[in-house]
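Keep in mind it's a predicted model, so treat the numbers as computed, not measured. First the proteins, then the strands, lettered A, B, ... as listed; each starts at 1.
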Amino acid sequence: MPELPEVETTLRGIYHTLHSQKIKRVDVRERRMRWPVPDEIEARLSGQTAASLTRRGKYILIGTDNGTALLHLGMSGSLRIVDPDAPPEKHDHIDIVLADKIIRFNDPRRFGSLLWTENDPLQHELLAKLGPEPLSDDFNTSYLFNASRGRNVSIKQFIMNSEVVVGVGNIYASESLFRAGINPKKAAGKLSKARYEKLVAAIKEVLAEAIQQGGTTLRDFHGADGKPGYFRIKLKVYDRAGEPCEVCGTPVRQFVQGQRATYYCPACQRV
DNA sequence: AAATAATCCTGCGGGC
DNA sequence: TGCCCGCAGGATTATT
């Protein structure tokens, strides 16, 4: 499910249930995730209080007095809040058990992960080299323009590189480039600073809108099934191959880039 | 049956 | 030569 807005929505969805609460225990039914779930995770988290609950890129950080758990949803992961007596269903791999609720991690494809570190989590090897948060002031025109100089990779793959900027996944990469009027194939190093100004604004807009949309679904998180009711924002090109561009009517095109589908309007995205 | 909302790893080629 | 970097492609997986 997750690009950054979905992770942010998930974090907000569990925040009030988990933050400052004591973790009674952790039940791991499947350790074979993107990386093996460390054997020590149950002992390290059990009895601890979830003192901080934050996000870095697409990682959710659960901080305790002893260390930090790093949770990543991968491509198909989700969290939901269930009652203590709810029986686990298919692909419900991990439970974080609280006094009167369970945070339940479901991930069919098991590309997600749950890791543990006792050091500064931001210095963990998987997080240390991450680029700036797209909604922060560190992510600005000058930064992205400078980072792009000399780069021959396509602009779409460039903004999907988490060392450049975190949180821009396959859907919002296509959407952002459409809004900025940039052809996804264009070499990152050949775009003008003016164009990067549009792109940075587009990325911030698209992600902020998506988070806002996710926010409107938060009540579903505590609803009957405790699942996050992700709503996609109204997408203008993604998954719309052959349909008319909303702006000019030209059929939206799809092609493969870095083994991922890219969608764009050949008329609106000529730069 | 090919596609999928993520991302790390491997190997290659070029520059210094 | 050897090292570092950028880049392309592979691999992981269950479901529709």
Would you mind writing out the side-chain donor-acceptor pairs for residues 198-206 of chain A within the sub-3.5 Å range, not counting sequence neighbours?
| from | atom 1 | to | atom 2 | distance (Å) |
| --- | --- | --- | --- | --- |
| A:K204 | NZ | A:P134 | O | 3.0 |
| A:K204 | NZ | A:S136 | O | 2.8 |
| A:K204 | NZ | A:F139 | O | 2.9 |

| message | How would you summarise protein contacts on nucleotides 8-16 of chain B per nucleotide, using B for base, S for sugar-phosphate only and - for none, with heavy-atom distances below 4.0 Å? | response | B--------
| note | Rounded to whole Å, CZ of A:F255 lies from P of B:dA3 at a distance of 15 Å
| message | For a 4.0 angstrom threshold against heavy atoms of chain A, report the outermost contacting nucleotides of DNA chain C in 5' to 3' order. | response | C:dG6 to C:dT15
| said: Under 4.0 Å, heavy atom to any atom of DNA chain C: which of residues 107-125 of chain A qualify? | reply: A:P108, A:R109, A:R110, A:F111
What residues, two or more places apart in sequence or in another chain, satisfy side chain to side chain contact (heavy atoms under 4.5 Å, CB included) together with [X]?
| X | value |
| --- | --- |
| A:A43 | none |
| A:D120 | A:L122, A:Q123 |
| A:N152 | A:A187 |
| A:Q157 | A:V153, A:S154, A:Q257 |

| Co-members of the apolar cluster containing A:V256 [side chain, <4.5 Å] | none
| said: Restricting to non-hydrogen atoms, name the atom on A:Y172 and the atom on A:E6 that form the minimum distance, rounded to 0.1 Å. | reply: OH-OE2, 3.0 Å
| query | Using Watson-Crick and G-U wobble pairs with both distances under 3.5 Å, what is the 5'-to-3' dot-bracket string of DNA chain B, with [ ] for crossing pairs and | for pairs outside the strand? | reply | .|||.|||||||||||
| message | Which residues pass the salt bridge (Lys or Arg N to Asp or Glu O under 4.0 Å) test with A:D92, not counting sequence neighbours? | response | A:R80
| query | How would you list all residue pairs meeting ring-ring contact (aromatic ring centres under 6.0 Å, His included) that involve residues 25-53 of chain A, not counting sequence neighbours? | reply | none
